[in-house]
Every structure is written in structure tokens, then in C-alpha cells.
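Scroll down for the structure; my scribbles are underneath it.
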2 protein chains.
Amino acid sequence: MKLSGGVEWAVHCCVVLSQAEGPVPTQRLAEFHGISRTYLAKHLQQLSRAGLVTSTEGRVGGYLLTRPGDEITVLDVVQAIEGREPAFRCTEIRQNGPLPASPQVCQRPCGVNRVMQLAEQAWRESLRAVTIADLAAGVLQDAGPQTFDRVREWLAT
Amino acid sequence: MKLSGGVEWAVHCCVVLSQAEGPVPTQRLAEFHGISRTYLAKHLQQLSRAGLVTSTEGRVGGYLLTRPGDEITVLDVVQAIEGREPAFRCTEIRQNGPLPASPQVCQRPCGVNRVMQLAEQAWRESLRAVTIADLAAGVLQDAGPQTFDRVREWLAT
DNA sequence: AATTCGTGGATGACAAGTATCCGCGTTAGT
DNA sequence: ACTAACGCGGATACTTGTCATCCACGAATT
């Protein structure tokens, strides 16, 4: 089980965007994080399709959050990149073989499936409990209160 | 994010094994679930390496659980197949770019990483809370009290 | 008109999951 | 002894998904 590396990029970008004063182009975000510009562009497009960011085209264009940071959860970002399909896919093997489960029994989802779904639910709840604003506050806590001032300054360059 | 399909097979096999009276060969387990024998063999070997099942070679050989079903959690099985690596891998992009996080700050793990780790922790706790015996009880509940009698009967064929 | 920017499609490299087959050693029954 | 059933490990493909790049296009600013 592996998460796309784009998730890390997207979350970090959202934290930066939550501190931006104007549209931030892909170029800037990629440069800031030291990552591939062209590939990051793809992920930002996914955030855009998911409605987490708005894009302004043309010169002085770029990306902006559609909502304040405290209204965007980490789960929102993860699902924008990873999609909403469950990690566990039940193939209903209980219906196979010499002693298949009856159609009546199969009206309820498979017990194994239920357990896996509950676990993923717990995972999502945990991610839903944290917002981009929480992460930004954590950065301030870890790296000092002037951190985002410097970021904004560099962004304006 | 996707779980290996082998997880589903492995969990179902453990439930069957928890009801077995003697060693069950791969052939039987594959036939019972209507799945590939040769590929299932690989997953059973993983369970064996993880110490969840013991194998007896030679004729009338097969697999047995090393512990009773109530001492094997779903998490044990999932980790035996999927490994113990976290789904989220932090690449420390905060150290990149024009405003890298200082080495002092980086002594603590990245805030994004902490959130993702917590979520995976919640996921694991949820899977750890359910045992193979619980799943077996669920099958009995769903499919009727004689279900495993029929399974044992077929297994003895 | 030229530059900067987002968008979508096409493409390719690479890793991982899926699946099969074979030779080997082991064990029980004949 | 011989054979049949079995687990084990390695080798080998096939498929899928991730990662990454490039390009042509339209939009907006200077």
C-alpha cells in the first residue's frame, strides 16, 4: 500500500497558498519546494478539478485557495490527489468455490470488507480532523513566527 | 492508494484455517475460494514467513495457524502481505528550495508527516481490534451456525 | 506582438502487482 | 525403493500504476 508522492507536494503547496496574498504560479511553488515543475502542474490541476484551488490564467496568473485554510482538511487534499476509491477492493470470493455464500447472505457486505472499510473510515476521520490552517500553525510553532513573512517576501520577488 | 488483492485472499484463508482440523494444502484453499493456486501459494508463503501459519511439507502436508484465531488480528495478516512500510513517505521537501527548514527544525518530523502517521496509526488500531476469530463468528452470524461444519466436511474430502 | 501562465493530450521510463511455471527437497503411503 | 502430494524458492512475463517530460493551445498581461 503506497500513497502517491503527489500527496506530499499538494499538502505543502496548500500550506504555502494559505499564506499567499495573490495568485502563485506553478513555477514558484515548484521552485520553493525544489520539485519538478511540470509534474507538480499535473497535481495542481487535480486540486483545481477538486475545487480546492482556483486558477487564473494568463500573465500574473497562478493558483489561490478557494476557501480559507481552516476550511480545507488534509483529507480533502489527499482525496483530490488519490481519488475516493477505497484501498481495499472486495472481490466477493465468498461467492466462489464449492460452498458459495447464498445470494441472501451476500445482500450484506462481506465481513472482511466491513472491517477494512471501518479501518479506512478511521483513517479518513483522522485526516479530516486536521486542516491546512492547523498545519500552517504547526510550521509557525516549529520554525518561528516570522517564517511566513519570509515566504511571502520571497513569493513577491 | 491500493491494497494488494492478496490481502483479501490471505484473510479469508486464515478464517478457513481457523476452522481446520488438520493441515490444509494450498490446492484446497485455492479451490475453496475459486482463486489461482500458484499465486495463492506465494501469499501463503508470506504468511508462513510472518509466523502466522506453519507449513508441513510432504504428502498430507499443508498449512495450519500457529495460534488460535483469537490471537491473530486482521492487522497481523495485512502486514504480513503488505509489509510494514508506511503508506506515506515523507521526502522532506521542506529542506529544499530557497527557504529550507533548518537542521534544528528538522530534528522533529515534518508536520505533514506527523498527521499522515497518526492517520495510519488509527487505521492500524482499527485493524488490530478485530481478530480472525471475530471474523469467523461473523460468518456464523451471517451464514448460519452449520457453515463451518460443512467447510470441515468438504475439507476432509 | 511578445511574454507568462494554466490546460489537456501524448509519450516514455520505471517500479510494483499479478500470475505462471519449473526444479528441488520432503513426507506418507504402496 | 518408488511414487504421488506437497511446500519452497527462483525465474519469467504480463499488466498496471506512478513518475516525469514535452508539446500545442488558449487566455491574460505588458
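In what follows, every chain begins at residue 1, and chains take the letters A, B, ... in the order their sequences are listed.
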Please give, in whole Å, the distance from [N] [atom2] to [X] [atom1]?
X        : N       : atom1 : atom2 : answer
Met1(B)  : dT18(D) : CE    : C1'   : 15 Å
Leu64(A) : dC5(C)  : CG    : C1'   : 14 Å
Leu3(A)  : dA15(C) : CG    : C1'   : 17 Å
Ile81(A) : dG17(D) : CD1   : P     : 17 Å
Phe88(A) : dG17(C) : CZ    : P     : 16 Å
Leu40(B) : dA19(C) : CG    : C1'   : 12 Å
His43(B) : dG9(D)  : NE2   : C1'   : 16 Å
Lys2(A)  : dT16(D) : NZ    : P     : 18 Å

Legend entry - Positive for side-chain contact (heavy atoms from CB on, under 4.5 Å) with Leu44(A), one of Thr26(A), Leu52(A), Val24(A):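 The single option meeting the side-chain contact (heavy atoms from CB on, under 4.5 Å) with Leu44(A) is Thr26(A).
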It should be established whether [X] places a side-chain nitrogen or oxygen under 4.0 Å from OP1 or OP2 of nucleotide [N].
X        : N       : value
Tyr63(A) : dT7(C)  : yes
Tyr39(A) : dC19(D) : yes
Arg49(A) : dG8(C)  : yes
Thr26(A) : dG6(C)  : yes
Ser4(A)  : dC19(D) : yes
Ser55(B) : dG7(D)  : no

Inset, instruction - Using a 4.0 Å heavy-atom cut-off across all strands, classify Ser36(B) as base, sugar-phosphate, or nothing. - result: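 It contacts sugar-phosphate atoms only.
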Inset, instruction - Would you mind classifying the nucleic acid contact of Arg28(B) as base, sugar-phosphate or nothing, using non-hydrogen atoms under 4.0 angstrom? - result: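 Since no nucleic acid heavy atom lies under 4.0 Å of Arg28(B), the category is nothing.
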Inset, instruction - Report, as yes or no, whether the 6.0 Å neighbourhood of atom CD on Glu125(B) holds more than 12 heavy atoms from other residues, nucleotides or ligands. - result: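 It does: Glu125(B) CD has more than 12 such atoms within range.
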Inset, instruction - Give a yes or no on whether Arg152(A) atom CZ has more than 12 heavy-atom contacts from other residues, nucleotides or ligands under 6.0 Å away. - result: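 Yes, CZ of Arg152(A) has more than 12 neighbouring heavy atoms, counting only those of other groups under 6.0 Å.
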Legend entry - Distance-only donor-acceptor check, side chains Arg114(A) and Gln117(A), under 3.5 Å: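 There is no such pair (donor and acceptor under 3.5 Å, judged by atom type) between the side chains of Arg114(A) and Gln117(A).
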Inset, instruction - Indicate whether any N or O donor in one side chain lies under 3.5 Å from an N or O acceptor in the other, for Glu71(A) and Thr131(A). - result: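 No - no donor-acceptor pair under 3.5 Å links their side chains.
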Legend entry - 5' precedence on DNA chain D between Pro25(B) and Arg37(A) (nearest-nucleotide basis):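 Checking each residue's closest nucleotide, the 5'-ward one belongs to Pro25(B).
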Legend entry - First encountered from the 5' end of DNA chain D, between Gly58(A) and Trp9(A):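 Nearer the 5' end of the strand: Trp9(A).
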Inset, instruction - Between Arg59(B) and Gly61(A), name the one whose nearest nucleotide on DNA chain C is closer to the 5' end. - result: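 Its nearest nucleotide lies further toward 5', so the answer is Gly61(A).
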Inset, instruction - Counting heavy atoms from C-beta on, name the nucleotide in dT21(D), dG8(C), dC21(C) closest to the side chain of Gln45(A). - result: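 Of all the options, the side chain of Gln45(A) is nearest to dG8(C).
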Inset, instruction - State which of dC21(C), dT7(C), dG25(C) makes the closest approach to the side chain of Glu57(B). - result: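 Nucleotide nearest to Glu57(B)'s side chain: dG25(C).
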Inset, instruction - May I have all residue pairs that pass ring-ring contact (aromatic ring centres under 6.0 Å, His included) and include part of residues 24-63 of chain A, sequence neighbours excluded? - result: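 Found Trp9(A)-Tyr39(A), Trp9(A)-His43(A), His12(A)-His33(A), Phe32(A)-Trp154(A), Tyr39(A)-His43(A).
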Inset, instruction - Can you check whether any acceptor in the base of dG10(D) is under 3.5 Å from a donor in the side chain of Lys42(B), or vice versa? - result: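 Answer yes: a donor N or O sits under 3.5 Å from an acceptor.
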